[in-house]
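Atoms considered below: every heavy atom in the structure, side chains included; atoms not considered: hydrogens, waters and symmetry mates. Given the structure is predicted, the values throughout are model-derived calculations rather than measurements. Numbering of ligands and ligand atoms starts at 1, following listing order.
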Amino acid sequence: MVRVTVPEADRLIGVKHPVLSHGYVVLVDYMGNDSAIVQAARVSYGQGTRSVRDDRGLIRYLMRHRHTTPFEMVEFKFLVRLPIFVARQWIRHRASSTNEYSARYSIVPDEYEIPPPDEVRHQSTRNRQGRGDPLATEVVERFRADLETVSKEAYAAYSRALEAGVARETARLVLPVAYYTQWYWKIDLHNLFHFLSLRLDPHAQEEIRLYAAELAKLAKVVCPVAFEAFEEFQVAGLTLGRRERMALRALLEGKSPSEACEVAGLPLTRPDGTPMTTGEGVEFLEKLERIRHID
Ligand SMILES: Cc1cc2nc3c(=O)[nH]c(=O)nc-3n(C[C@H](O)[C@H](O)[C@H](O)COP(=O)(O)OP(=O)(O)OC[C@H]3O[C@@H](n4cnc5c(N)ncnc54)[C@H](O)[C@@H]3O)c2cc1C
């Protein structure tokens, strides 16, 4: 038996893909490719399926029907350098293996993230967790200058503490979450798709989305057919709840979107009559927009 490899992916091993000011993603190693998914699936379905369904068709079938374990047969190992505030979001993805740089053993380098001016924006009114409209230039510049000052002062305090003999594990407490950490991260393709579906999404924070985009490019090289199926059925796919299906039926019967929402009990206004900016009705209208603007 010969180990399956992807020459194009082999050429990418060890290559740094920059993200943010000091971060990067490196593909360290991988195991398997599209054929590993097919091979695993055929163990359960048997060789008989080969005649009725080609490899691409089989992978797309598995993705559509959430037959997920064949996708777990492909593994990736990455080296990632990222700010601590991104790492805190990333580490929530438990179905993966992480080994992080230890700030108890080693000195944290003086590298921190200052967002570019167009990424410092107002609190979003629609997405309570996100950023929205642009801010006045002076507000943006003041924030960026403050972040620079705080980071420099924090690192000066860190250096003073180390010089005075404070243990590294204690001295690091002064460092803000804009500082960088790094880790090895190993994950299988199924869970990488889960990570990507959450972290490529516009609801995820911009900074982690940039990392997800780099991971996605690498996964696409190793497993182009599975990645195409992921984009088709997970990224571009839509799920509809019972009320949404009722609203869709009302639309097919000729009702307007707002009438359809009313029929289905999907609220678009508050009890005082003001329009809602979030909630099930608004999200249904967003899904309709996605359908209208499909490319
Ligand atoms: C846009 C966005 C906003 C978020 N906001 C917040 C927030 O405000 N606060 C916050 O705390 N988190 C927040 N999160 C993190 C989120 O709740 C999840 O913890 C994170 O996305 C990891 O997802 P996961 O648990 O599905 O992935 P993984 O941990 O990789 O797990 C994969 C799957 O394995 C299963 N699984 C793994 N471990 C367990 C377990 N112990 N028990 C049962 N099933 C398990 C689950 O089915 C899970 O979906 C946010 C995430 C996103 C994408």
Side-chain angles (χ1 to χ4, degrees), residues 19-20 23 25 27-32 37 40 62-80 82-100 113 115 119-133 176-178 181-220 222-223 226-227 229-231 233-241 244 276-280 282-287 289-290:
V19 188
L20 303 176
V25 169
L27 177 65
V28 175
D29 205 355
Y30 67 96
M31 181 182 77
I37 301 165
L62 297 170
M63 182 67 74
R64 284 200 307 283
H65 294 272
R66 289 186 288 175
H67 184 156
T68 53
T69 46
F71 295 98
E72 294 174 21
M73 300 299 154
V74 181
E75 293 266 348
F76 296 87
K77 184 159 67 176
F78 299 104
L79 174 63
V80 188
L82 68 177
I84 295 167
F85 72 91
V86 176
R88 291 193 58 199
Q89 298 178 335
W90 194 306
I91 201 70
R92 301 298 306 280
H93 295 265
R94 297 158 290 179
S96 62
S97 305
T98 310
N99 213 85
E100 188 174 6
E113 182 61 22
E119 287 303 338
V120 182
R121 299 200 298 272
H122 262 292
Q123 178 63 42
S124 168
T125 47
R126 299 205 53 227
N127 173 359
R128 284 183 206 156
Q129 289 191 326
R131 61 195 89 162
D133 295 332
V177 291
T181 183
Q182 66 186 50
W183 56 38
Y184 279 92
W185 191 60
K186 186 168 76 66
I187 190 162
D188 64 60
L189 183 62
H190 164 64
N191 284 295
L192 181 60
F193 282 155
H194 181 62
F195 177 96
L196 295 177
S197 68
L198 293 167
R199 301 303 182 178
L200 287 173
D201 188 276
H203 292 96
Q205 184 162 344
E206 173 68 14
E207 285 80 3
I208 198 165
R209 288 174 66 194
L210 295 173
Y211 282 92
E214 290 305 320
L215 297 175
K217 282 185 214 159
L218 292 165
K220 190 175 182 173
V222 177
C223 295
F227 196 86
F230 163 68
E231 284 189 307
F233 301 113
Q234 287 197 39
V235 179
L238 275 182
T239 53
L240 296 177
E244 289 177 316
M276 295 177 74
T277 52
T278 56
E280 292 182 31
V282 174
E283 283 174 28
F284 177 67
L285 295 185
E286 286 170 359
K287 288 180 185 179
E289 278 306 298
R290 284 187 64 198

(request) Would you tell me which option among His203, Arg94, Arg88, Arg209 has the nearest heavy-atom contact to atom 29 (O) of ligand 1? (result)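 Going through His203, Arg94, Arg88, Arg209 one by one, Arg94 has the nearest heavy atom to atom 29 (O) of ligand 1.
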(request) Report the member of Arg199, His93, Gln89 with the shortest heavy-atom distance to atom 15 (C) of ligand 1. (result)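 That would be Arg199.
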For atom [atom1] of [X], decide whether the heavy atoms of other residues, nucleotides or ligands shown that lie under 6.0 angstrom number more than 12.
X: Tyr184; atom1: OH; result: no
X: Arg290; atom1: CZ; result: yes
X: Glu280; atom1: CD; result: no

(request) Write out the residue and atom name of the closest protein heavy atom to atom 34 (O) of ligand 1, then the distance separating them to 0.1 Å. (result)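 Of the protein heavy atoms, Ala95 CB, 4.8 Å lies nearest.
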(message) Looking only at protein heavy atoms, which one is nearest to atom 5 (N) of ligand 1, and what is the separation?
(response)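 For atom 5 (N) of ligand 1, the nearest protein heavy atom is Gln129 NE2, 3.2 Å.
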(message) Measuring from atom CD1 of Ile91 to atom CD of Gln89, what distance do you get when rounded to the nearest 0.5 angstrom?
(response)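 So the CD1 of Ile91 and the CD of Gln89 are separated by 12.0 Å.
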(request) To the nearest 0.5 angstrom, please state how far the OG1 atom of Thr98 sits from the CD1 atom of Ile187. (result)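 Atom-to-atom, Thr98:OG1 and Ile187:CD1 are 8.5 Å apart.
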(message) Closer than 4.0 angstrom, basic N to acidic O: yes or no for Glu207 and Arg209?
(response)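 Here Glu207 does not pair with Arg209 in a salt bridge, since their nearest N and O are not under 4.0 Å apart.
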(message) With a heavy-atom distance limit of 4.0 Å, tell me whether Gln205 approaches ligand 1 through its side chain, its backbone, both, or neither.
(response)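 Neither; nothing of Gln205 gets under 4.0 Å from ligand 1.
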(request) Heavy-atom distances under 4.0 Å are what count here, so tell me which part of His194 touches ligand 1: side chain, backbone, both or neither. (result)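 Contact part for His194 vs ligand 1: side chain (C-beta onward).
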Can you confirm whether some protein heavy atom lies under 4.0 Å from [atom], or whether none does?
atom: atom 27 (O) of ligand 1; answer: yes
atom: atom 53 (C) of ligand 1; answer: yes
atom: atom 40 (C) of ligand 1; answer: yes
atom: atom 17 (O) of ligand 1; answer: no
atom: atom 46 (C) of ligand 1; answer: no
atom: atom 21 (O) of ligand 1; answer: yes
atom: atom 8 (O) of ligand 1; answer: yes

(message) Looking only at the side chains, is there a donor atom on one of His203 and Asp201 sitting less than 3.5 Å from an acceptor on the other?
(response)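 Judged by distance alone, the side chains do pair up.
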(message) As a quick check of understanding, evaluate salt bridge (Lys or Arg N to Asp or Glu O under 4.0 Å) for Lys287 and Glu244, giving each step before the final call.
(response) CA-CA 10 Å; Lys287 288 180 185 179; Glu244 289 177 316; 3.0 Å; yes
(message) Quick check: Arg92 and ligand 1, any N/O pair under 3.5 Å apart?
(response)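 Yes, there is a polar N/O contact under 3.5 Å.
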(message) Below 3.5 Å, N or O to N or O, backbone or side chain included: is there any such pair between Asn191 and ligand 1?
(response)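 So ligand 1 has no N or O lying under 3.5 Å from an N or O of Asn191.
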(request) Locate the shortest heavy-atom distance separating Val80 from Leu82; write the atom from each residue and the value. (result)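 So the minimum-distance heavy-atom pair works out to O-CD2, 3.9 Å.
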(request) Give the atoms of ligand 1, by number and element, whose distance to some non-hydrogen atom of Leu198 is under 4.0 Å. (result)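 In order of number, 21 (O), 23 (O), 53 (C).
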(request) Could you give me the CA-CA distance, side-chain angles and deciding distance for Trp185 and Tyr211, then say whether ring-ring contact (aromatic ring centres under 6.0 Å, His included) is met? (result) CA-CA 13 Å; Trp185 191 60; Tyr211 282 92; over 10 Å; no
